[in-house]
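The next block holds one structure in the form of structure tokens; read it before the comments.
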Amino acid sequence: MYARPVAATAAVLGLGAALFSGPVAQADERGRTAPASAGRYGDPLIIAHRGASCAAPENTLAAVDLADRMGFAWVENDVQRTRDGELVVIHDDTLARTTDVEERFPGRAPWNVRDFTAAEIATLDAGSWFGPTWAGARIPTLEQYLNRVDRNGQKLLLEIKRPELYPGIEKDTLRVLREEGWLDRKHVRHKLVVQSFGADSVKAVHRQRPDVITGFLGTPTVADLPSYAAFTDQINPAASTITADYVASVQRLKGAHGKRLQVHTWTVNDAAGAARVAGFGVDGIITNNPDVVRDTVG
Ligand code: G3P
Ligand code: CA
């Protein structure tokens, strides 16, 4: 699975200025822009899925930095746990697709994240599969990832991935967030959302830290939405599963913090898809191509 060639779009690295040419935009202190007023579709938040994963290897610090340079404040990631209890940022529950693990550890199939130590994982190349430009990129620990997002002044939609594989990962995640300063008032109110496909995982986060904003990944039936609203602030469904009526049904409710329940949908990578879900009135769009979505809805 290693060394799969991908058209590494290093050219994107130089696009920052051109991406901010909208007619009514105000720059924040880091030069990132937001619409000065609601546009044709309102102002859905744009979230860079696994970082700027269209143009840098997903879930790496390089993808975080590229999202920052492209002007995106929000990044999404995936958190799992190593054999020795370190939290790391990777999407798949095996290391095979996005690293050189098969070459480096040929006798360790199926190369589960949970079967490797953090020290072993730290030696893997998590960039070359995406393109030679990215050779040597590493799988970051959650600690490293949080520090980079913070250093960039960005915000994080943190996904607890496959929680059924990692009993207690919610407590571990909250511990690392606390240790790295992400559970102070500023971060909790403005910079952090914790989401999962596991309803029990989202409930556990809400129970352990009721102040943290949470999201449930999935599309509960309209009849079930009130029970989700008791422990979550966002219903985050696949774009293919929603309609304008569904979005309205979610937004009619109040979430766990007494504010309107929100919809952040995924993974929308083209202009037509972005226009479709923006037309439904979603609150956020999670995308591998944030610049394409911005050109459409921003
Ligand atoms: O944030 C939503 C999205 O990341 C969920 O799907 O498989 O990419 O983690 P997946
Ligand atoms: Ca994810």
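We count ligands from 1, going down the list as the structure has it; atoms in each ligand are counted the same way. Everything numeric in this text was worked out from a predicted model, so none of it was measured.
When each atom of ligand 1 is checked for a heavy atom of Glu159 under 4.0 Å away, the hits are 4 (O), 5 (C), 9 (O). Distances below 4.0 Å separate heavy atoms of Phe197 from the following atoms of ligand 1: 5 (C), 6 (O). Residue Lys161 approaches ligand 1 through these ligand atoms, each under 4.0 Å from one of its heavy atoms: 7 (O), 9 (O), 10 (P). Less than 4.0 angstrom separates some heavy atom of Glu76 from each of these atoms of ligand 1: 1 (O), 2 (C), 3 (C), 4 (O).
Residue contacts with ligand 1: Arg50 is included, with a non-hydrogen atom under 4.0 Å away.
Remark: the Glu86 side chain and the Thr141 side chain contain no N/O donor-acceptor pair separated by less than 3.5 Å. Side-chain contact annotation: Ser128 with Asp125, donor-acceptor N/O pair under 3.5 Å present.
Rounded to the nearest 0.5 angstrom, Asp78 CG and His49 NE2 are separated by 6.0 Å.
Nearest non-hydrogen protein atom to atom 10 (P) of ligand 1 is His91 NE2, 3.3 Å. From the protein, the heavy atom lying nearest to atom 3 (C) of ligand 1 is His49 NE2, 3.5 Å.
The side chain of Leu217, and not its backbone, has at least one atom closer than 4.0 Å to an atom of ligand 1 (non-hydrogen atoms only; side chain from C-beta on). Residue Asp78 touches ligand 1 through its side chain alone, judged by heavy-atom distances below 4.0 Å.
Classification of Asp115 and Arg83 as a salt-bridged pair fails, no side-chain N sitting under 4.0 Å from a carboxylate O. Between Glu159 and Arg50 there is no salt bridge, since no side-chain nitrogen of the basic residue lies less than 4.0 Å from a carboxylate oxygen of the acidic one. Taking the charged nitrogens against the carboxylate oxygens, Glu120 and Arg108 do have a contact shorter than 4.0 Å, which makes a salt bridge.
Counting only distance, with no hydrogens or angles, the side chain of Thr219 and the backbone of Thr241 share no donor-acceptor pair below 3.5 Å.
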